[in-house]
Amino acid sequence: MKGILLGGLAAGIFDISYAFIKWGMRGVSQERVLHSVASGLLGPAAFQGGGPVAALGLCLHFIIALLAAAGFALLYRLIAEVRRWPVPAGAAYGAFFYFLMTYVVVPLSRAKPGAFNSVDLLGHIVLIGAPIGFLVSRYAYR
C-alpha cells in the first residue's frame with residue numbers, strides 16, 4: 001500500500017509539474033491546465049470554473065496517478081518478470097499508460113482528445129512509469 005501511495009504521489013507530482021512547465025511556456029495558466037483535467041468529468045463547462053474546478057482537476061489528476069500505481073502494483077504481484085525488472089517494467093507501463101489515457105480514457109471522457117505526442121510519451125515513461133516501478137518495488141510486501 002505504501003508503494004502505491006508513494007508511487008502515485010510521485011507520478012502525480014512529476015506529471016503535473018511537467019504539464020505546468022509545458023503549458024506555462026505557451027502562456028497557459030496552471031489553473032487552466034487543471035481546468036483541462038476537470039473537463040474530463042465536466043466537459044467544456046470546466047473552463048468557465050474558477051478555483052474550485054481547478055481543485056477538482058487536481059484531485060482527479062492524483063486519483064488517476066494513484067490508480068496507475070495500483071495497476072502497476074497488481075502487475076508486480078502477478079508477473080515475476082515485473083518483480084525482477086521493476087523500473088524497466090515501470091517504464092514500459094508508463095508507455096502503456098500514455099496510450100491508454102490518450103486513445104481510450106480521454107476519448108471516452110468529456111475532455112477534448114489530443115493527438116499523439118512523442119515528448120508526452122517520453123514523459124509518461126520517465127516521469128510516471130519509472131517512478132511507479134521503483135516505488136512500488138521498493139515498498140512491496142512491507
Side-chain angles (χ1 to χ4, degrees), residues 1-47 49 51-142:
M1 181 61 105
K2 187 174 182 180
I4 294 170
L5 292 174
L6 291 175
L9 182 63
I13 290 169
F14 293 154
D15 185 49
I16 203 66
S17 297
Y18 166 76
F20 286 165
I21 293 166
K22 173 187 173 181
W23 291 106
M25 290 172 50
R26 296 178 177 145
V28 178
S29 72
Q30 293 175 353
E31 184 176 64
R32 185 141 175 104
V33 170
L34 295 172
H35 287 163
S36 72
V37 177
S39 75
L41 183 63
L42 303 177
F47 295 101
V53 174
L56 173 64
L58 187 62
C59 289
L60 292 170
H61 171 76
F62 277 99
I63 288 168
I64 293 166
L66 288 167
L67 289 172
F72 183 83
L74 179 62
L75 294 175
Y76 185 85
R77 284 189 169 247
L78 295 176
I79 302 170
E81 288 302 307
V82 172
R83 287 190 301 276
R84 184 172 177 208
W85 302 99
V87 175
Y93 182 76
F96 163 78
F97 200 72
Y98 170 81
F99 288 108
L100 177 69
M101 292 301 295
T102 302
Y103 295 111
V104 178
V105 175
V106 172
L108 291 174
S109 77
R110 299 183 69 200
K112 180 182 171 191
F116 175 79
N117 183 309
S118 59
V119 176
D120 290 349
L121 171 60
L122 181 62
H124 274 71
I125 292 168
V126 174
L127 301 175
I128 296 173
I132 286 174
F134 173 75
L135 289 164
V136 166
S137 70
R138 173 72 175 87
Y139 295 101
Y141 309 111
R142 292 181 188 192

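This one's a predicted model, so the numbers in the text were calculated from it and none came from an experiment.
Looking at Tyr18 and Val119, their side chains come closer than 4.5 Å, going by heavy atoms from C-beta outward. Side-chain contact between Phe14 and Pro131 is present, with at least one heavy-atom pair separated by less than 4.5 Å. Ile64 has its side chain within reach of Phe97: a pair of non-hydrogen atoms, C-beta onward, lies under 4.5 Å apart. Between Leu66 and Leu5 the shortest side-chain heavy-atom distance falls below 4.5 Å. Side-chain atoms of Phe96 and Phe72, non-hydrogen and from C-beta on, never get closer than 4.5 Å to each other.
Closest of all the heavy-atom pairs between Val37 and Gly57 is CG1-O, 3.2 Å.
Taking CG of Leu127 as the reference point, atom CD1 of Ile13 lies at 12.0 Å (rounded to 0.5 Å). Atom OH of Tyr93 and atom NE2 of His124 lie 10.5 Å apart (nearest 0.5 Å). The CG atom of Leu34 lies 10.0 Å from the SG atom of Cys59; values are rounded to the nearest 0.5 Å.
For Leu6, the side-chain contact (heavy atoms from CB on, under 4.5 Å) test picks out Lys2, Leu135, Tyr139, with sequence neighbours left out. Residues satisfying the side-chain contact (heavy atoms from CB on, under 4.5 Å) criterion with Leu122, sequence neighbours excluded, are Val126.
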Before giving the answer on side-chain contact (heavy atoms from CB on, under 4.5 Å), spell out for Trp23 and Ser36 the whole-Å C-alpha distance, their side-chain angles and the decisive distance to 0.1 Å. CA-CA 11 Å; Trp23 291 106; Ser36 72; over 6 Å; no
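Among pairs with a residue in residues 99-117, none fulfils side chain to side chain donor-acceptor pair (under 3.5 Å), at least two apart in sequence or across chains. Among residue pairs with one or both ends in residues 25-35, none qualify as side chain to side chain donor-acceptor pair (under 3.5 Å); sequence neighbours excluded. Residues in residues 8-21 take part in no salt bridge (charged side-chain N to carboxylate O under 4.0 Å, His left out) pair, two or more places apart or across chains. For the salt bridge (charged side-chain N to carboxylate O under 4.0 Å, His left out) condition, the pairs that include at least one residue of residues 120-135, sequence neighbours left out, are Lys22-Asp120.
Counting non-hydrogen atoms of neighbouring residues, nucleotides and ligands closer than 6.0 angstrom, the OH atom of Tyr98 exceeds 12 such neighbours.
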